[in-house]
Amino acid sequence: MHLCKPGIRVATVRRRGHNPPSFLPGATAPRRPLPPEPPMTVVRTRIAPSPTGDPHVGTAYVALFNYCFAKQHGGQFLLRIEDTDQVRSTRESEEAILRSLRWLGLSWDEGPDVGGPHGPYRQSERSAIYRAHADELLEKGHAFRCFCDAHRLDTVRKAQIAANQTPGYDGQCRSIPAAESAARAAAGETHVVRMNVPREGVCEIDDLLRGRVEIEWIQVDMQVLLKSDGLPTYHLANVVDDHLMGITHVLRGEEWISSAPKHLLLYKYFGWEAPQLCHMPLLRNPDKSKLSKRKNPTSIVYYERMGFLPEALLNYLGMMAWSMPDEREKFNLEEMVANFDLTRVSLGGPVFDQAKLSWLNGRWIRESLTPAQFGERVAQWALNQDYLARITPLVQGRVERLSDLGAMTSFFFQGLIEVNAADLTVKGLDADGVRRALQWSSWRMEEVTPFTRDVLDRTLRETAELLGLKVKDYLRVLFVAFTGRPVATPLFETMELLGRDLCRARLRHAQVLLGLMTSKEEKKWKGELDAAVTAKAEAAAQAQAAAAATPAEG
RNA sequence: GUCCCCAUCGUCUAGUCAGGCCCAGGACGCCGGCCUUUCAAGCCGGUAACGCGGGUUCAAAUCCCGCUGGGGACGCCA
């Protein structure tokens with residue numbers, strides 16, 4: 001592959017403002033006006049989502065910037081699936097992520113679904129490549145096998161924290177002679193591969209937005225590259241793939257700055273030229289912390305179910321940390337690409353503001369859609385045969401006139417619903433008891449996979465049991481939370497139809513109404529839930545043992 | 001605890017690199033008014049910010065230093 005990147009220097013954009021300017025390595029940082037791009041090398045960027053959950057708006061945000069950057073330079077944008085976490089990665093999640101990104105109007109030139117010359121684009125299908133590269137590092141002495149078990153690592157870490165030291169691997173296995181290390185591995189002893197990291201000196205990172213960032217090597221841990229399951233960690237896979245796939249610019253979340261030294265070191269170890277790094281500010285919750293689903297809806301699917309237009313959501317994401325040169329707020333993808341300029345990225349972490357998103361969405365609805373198109377969108381959204389056909393069976397036995405349908409099913413066509421706090425009660429529980437019950441429900445609901453009638457049925461019945469409540473009494477409050485009324489269509493079917501995202505949002509809405517848990521309560525309640533689960537499991541085990549013993553004696 | 005990043009209205013931001021045009025502009029939200037059969041929308045007006053302290057300079061939101069504040073990272077997760 002002819003993927004070396006001779007002198008790629010696409011717009012080494014320095015951020016405007018406070019950074020000392022001219023001492024960048026090689027002093028190549030051009031000042032405005034930016035120089036024309038060296039034409040010989042094509043810009044290639046990528047988004048590399050990990051399929052371990054719901055499609056996250058943060059993923060779309062980073063994807064959008066990578067897309068715009070690549071397209072603006074006439075380059076390519078790739079999608080790669082980072083599914084090296086065998087435990088948490090699922091194919092459903094991967095599919096949902098691709099679907100959501102496409103729904104938003106993003107497309108990629110290469111990816112697991114569209115193919116391309118640098119595939120496979122799913123890391124789980126590239127294990128041999130990583131293994132070979134890990135071996136290469138082992139041979140060159142840039143990495144070593146580590147035979148420490150989780151228990152020892154944990155002990156070391158705790159001791160370090162207790163001693164107010166920076167936690168990190170203590171280097172124990174680094175001194176194992178190569179022959180012994182190889183022999184133990186050959187004998188089948190489980191181990192990981194860790195990278196060697198200098199214990200002195202400073203790593204210099206050139207960030208397209210921040211200029212030079214320095215991190216002392218002593219701050220960098222001897223990162224695991226190959227896990228004991230033989231699969232790579234992000235750090236190895238990401239570097240190997242970015243190189244092999246000819247990625248020239250990596251735009252990613254700010255959270256990665258601190259591991260950039262590891263990546264840069266790996267490029268050096270392999271003798272490769274590193275891509276330009278660019279760390280985007282993180283999307284934030286209203287309290288300024290990193291956007292998280294605990295505090296804010298983060299799933300793209302949620303926004304879809306709430307009735308946001310994909311072009312509006314994408315537009316909104318585009319105005320996070322970035323602005324059009326003429327400050328116009330409504331723009332489409334094409335316009336963003338045409339005007340894109342890294343120089344216009346501001347570094348303060350933008351708060352994802354539901355209110356402003358709604359306003360923007362409203363503008364798109366009334367300014368960019370003809371009445372006919374609007375009708376089509378509405379139909380596409382929920383007033384479609386598929387959705388209707390799943391709802392009508394639930395109400396047929398409950399209506400007397402067709403016109404009863406509207407009032408009876410309104411909550412299927414709403415986003416958040418109006419709930420009367422006075423209806424959020426559970427027989428036998430005081431206010432805090434209800435709050436706790438709802439929180440337990442929230443936790444249990446996250447474990448429901450797939451989000452279907454049967455699994456919901458099983459899980460929620462069990463939750464009632466854990467709470468020591470009659471199923472009927474417990475479910476009533478959920479009816480209220482999800483539908484706004486104590487009596488409605490069958491709960492589990494309704495939840496399935498509403499979907500995980502809307503259910504999560506409505507439950508949370510109800511919780512907010514009663515007062516969200518404090519962090520103290522969170523800790524306490526979580527402990528109580530775990531204890532209840534454990535107790536139930538033990539009781540079940542005992543019962544089983546007893547059942548097994550009885551016939552044997554008799 | 002250690003390291004790193006960041007800092008303009010409550011929020012998104014323009015202005016910061018090339019200091020004066022900025023007693024800081026736009027937008028969301030909120031408040032008030034107009035329009036209107038209602039409500040939205042639209043239009044008009046109002047509210048509200050350069051975190052603090054030192055420098056440099058004739059001049060600092062803009063440059064430098066310190067402080068404070070916020071955020072992130074420190075996993076066989078990504």
Side-chain angles (χ1 to χ4, degrees), chain A residues 13-22 29-33 48-53 56 59 81-89 123 146 148-150 153-154 157 160-169 190-194 203 205 207 209-211 213-221 223-235 237-238 252-261 279 281-282 284-290 316 319-330 343-344 346-360 362-363 365-367:
Chain A
V13 177
R14 293 296 328 294
R15 87 171 269 230
R16 304 153 294 163
H18 316 294
N19 273 320
S22 57
R31 312 299 288 263
R32 195 187 288 193
S50 175
T52 53
H56 199 282
T59 304
I81 294 294
E82 309 236 327
D83 55 351
T84 55
D85 184 341
Q86 270 185 309
V87 181
R88 295 193 303 157
S89 295
Q123 292 185 329
C146 171
C148 298
D149 60 18
L153 261 21
D154 194 44
R157 180 163 292 117
Q160 288 166 329
I161 291 171
N164 262 342
Q165 291 173 321
T166 306
Y169 184 62
T190 56
H191 63 275
V192 301
V193 175
R194 286 181 187 275
C203 177
I205 303 155
D207 186 279
L209 291 169
R210 297 154 209 269
V213 175
E214 296 184 352
I215 295 176
E216 294 187 342
W217 284 116
I218 195 72
Q219 297 293 334
V220 182
D221 198 10
Q223 184 63 50
V224 170
L225 297 177
L226 219 52
K227 300 179 271 187
S228 55
D229 64 4
L231 291 182
T233 56
Y234 168 85
H235 307 282
N238 149 268
R252 53 168 24 165
E254 190 178 7
E255 52 195 334
W256 292 107
I257 292 181
S258 52
S259 42
H279 294 94
L282 259 20
R284 310 289 185 91
N285 295 312
D287 70 359
K288 292 279 188 184
S289 58
K290 172 165 116 172
Y316 185 66
M319 51 191 282
M320 296 280 85
W322 189 79
S323 61
M324 274 284 195
D326 62 1
E327 285 198 74
R328 103 186 84 131
E329 301 193 287
K330 182 162 168 265
T343 251
R344 299 194 63 82
S346 56
L347 294 177
V351 171
F352 193 95
D353 180 14
Q354 304 283 331
K356 189 148 187 179
L357 169 60
S358 293
W359 163 79
L360 225 208
R363 277 194 66 181
I365 287 176
R366 70 185 96 91
E367 294 173 13

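Bear in mind that the values here come from a model prediction, so they are computed numbers and not experimental data.
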base_contact_polar (B/C5 base, A/R210 side chain, donor-acceptor, <3.5 Å):
no
Given B/C4, B/U13, B/C28, which nucleotide is nearest the side-chain atoms of A/V213?
B/C4
Considering every strand and a 4.0 Å limit on heavy-atom distances, what is the contact class for A/P350: base, sugar-phosphate, or nothing?
sugar-phosphate
What interatomic distance, in whole Å, is found between C1' of B/U11 and the corresponding atom of B/A48?
12 Å
Nearest to the side chain of A/A355, heavy atoms from C-beta on, is which of B/C28, B/G72, B/G70?
B/C28
For nucleotides B/U57 and B/G1, find the distance between their P atoms and express it as a whole number of Å.
38 Å
Just call it for A/E214: base, sugar-phosphate, or nothing, with non-hydrogen atoms closer than 4.0 Å on any strand.
sugar-phosphate
If each of A/Y234 and A/Q219 is mapped to the nucleotide of RNA chain B with the nearest heavy atom, which maps nearer the 5' terminus, i.e. the 5' end?
A/Q219
Out of B/C74, B/A27, B/U11, minimum distance to the side chain of A/V351 belongs to B/U11
In whole Å, what separates the C1' atom of B/G19 from that of B/A24?
15 Å
Taking atom P in both B/G51 and B/A14, compute the distance separating them and give it to the nearest angstrom.
15 Å
Nearest-Å distance for atom pair CG/P, residues A/L226 and B/A78
12 Å
Considering every strand shown, what is the Watson-Crick or G-U wobble mate of B/C28 when both distances are under 3.5 Å?
B/G10
Test item: A/D83 side-chain N/O and A/P51 main-chain N/O as donor-acceptor pair under 3.5 Å
no
Counting N and O atoms only, with roles assigned by atom type, does the side chain of A/Y316 sit under 3.5 Å from a partner on the main chain of A/S358, one being a donor and the other an acceptor?
no
Picking from B/G72, B/C76, B/G75, the nucleotide nearest the side-chain atoms of A/L282 would be B/G72
So what's B/G66 paired with, Watson-Crick or G-U wobble, going by both distances under 3.5 Å?
B/C52
Could you give the distance separating B/U8 and B/C50 at their C1' atoms, to the nearest angstrom?
4 Å
Rounded to whole Å, please give me the gap between NZ in A/K356 and P in B/C30.
13 Å
Could you tell me how far apart A/R344 (CZ) and B/U13 (P) are, to the nearest whole angstrom?
12 Å
So, for A/K290 and A/N285, which heavy atoms are closest and what is the spacing to 0.1 Å?
O-ND2, 2.9 Å
To the nearest angstrom, the CG-P distance between A/D207 and B/G72 comes to 18 Å
Identified pairing partner of B/A59, criterion: Watson-Crick or G-U wobble below 3.5 Å
none
By nearest nucleotide on RNA chain B, pick out whichever of A/N164 and A/H235 is the more 5' one.
A/N164
With rounding to whole Å, what would you report as the distance between B/C76 and B/G71 at their C1' atoms?
28 Å
From B/A78, B/G15, B/C12, pick the nucleotide closest to the side chain of A/K288?
B/C12
For B/C21, what is the paired nucleotide under Watson-Crick or G-U wobble rules, both distances under 3.5 Å?
none
Please state whether the base of B/G75 and the side chain of A/Q223 form at least one donor-acceptor pair under 3.5 Å?
no
Could you check which of B/C28, B/C6, B/C12 has an atom nearest any side-chain atom of A/M319?
B/C12
Should the ring pair A/H235 and A/W256 be called parallel, tilted or perpendicular, given that the plane angle runs from 0 to 90° and is split at 30 and 60?
perpendicular
Output the rounded distance in Å from CG (A/D326) to P (B/G25).
19 Å
Between A/T166 and A/Q160, is any pair of side-chain heavy atoms under 4.5 Å apart?
no
Given the C1' atoms of B/A49 and B/G32, what is the spacing between them in whole Å?
22 Å
Counterpart base for B/U36, defined by Watson-Crick or G-U wobble contacts under 3.5 Å
none
Between atom NE2 in A/H279 and atom P in B/C4, what is the gap in whole Å?
15 Å
Enter the distance from A/I365:CD1 to A/L360:CG here, rounded to the nearest 0.5 Å.
11.0 Å
Distance in angstrom units between A/K290 NZ and B/A78 P, rounded:
14 Å
Write down the distance separating the P atoms in B/C17 and B/C65, rounded off to the nearest Å.
15 Å
Separation of atom CG in A/L231 from atom P in B/C77, rounded to whole Å
9 Å
Checking all strands, does A/E329 fall into the base, sugar-phosphate, or nothing category for heavy-atom contacts under 4.0 angstrom?
base
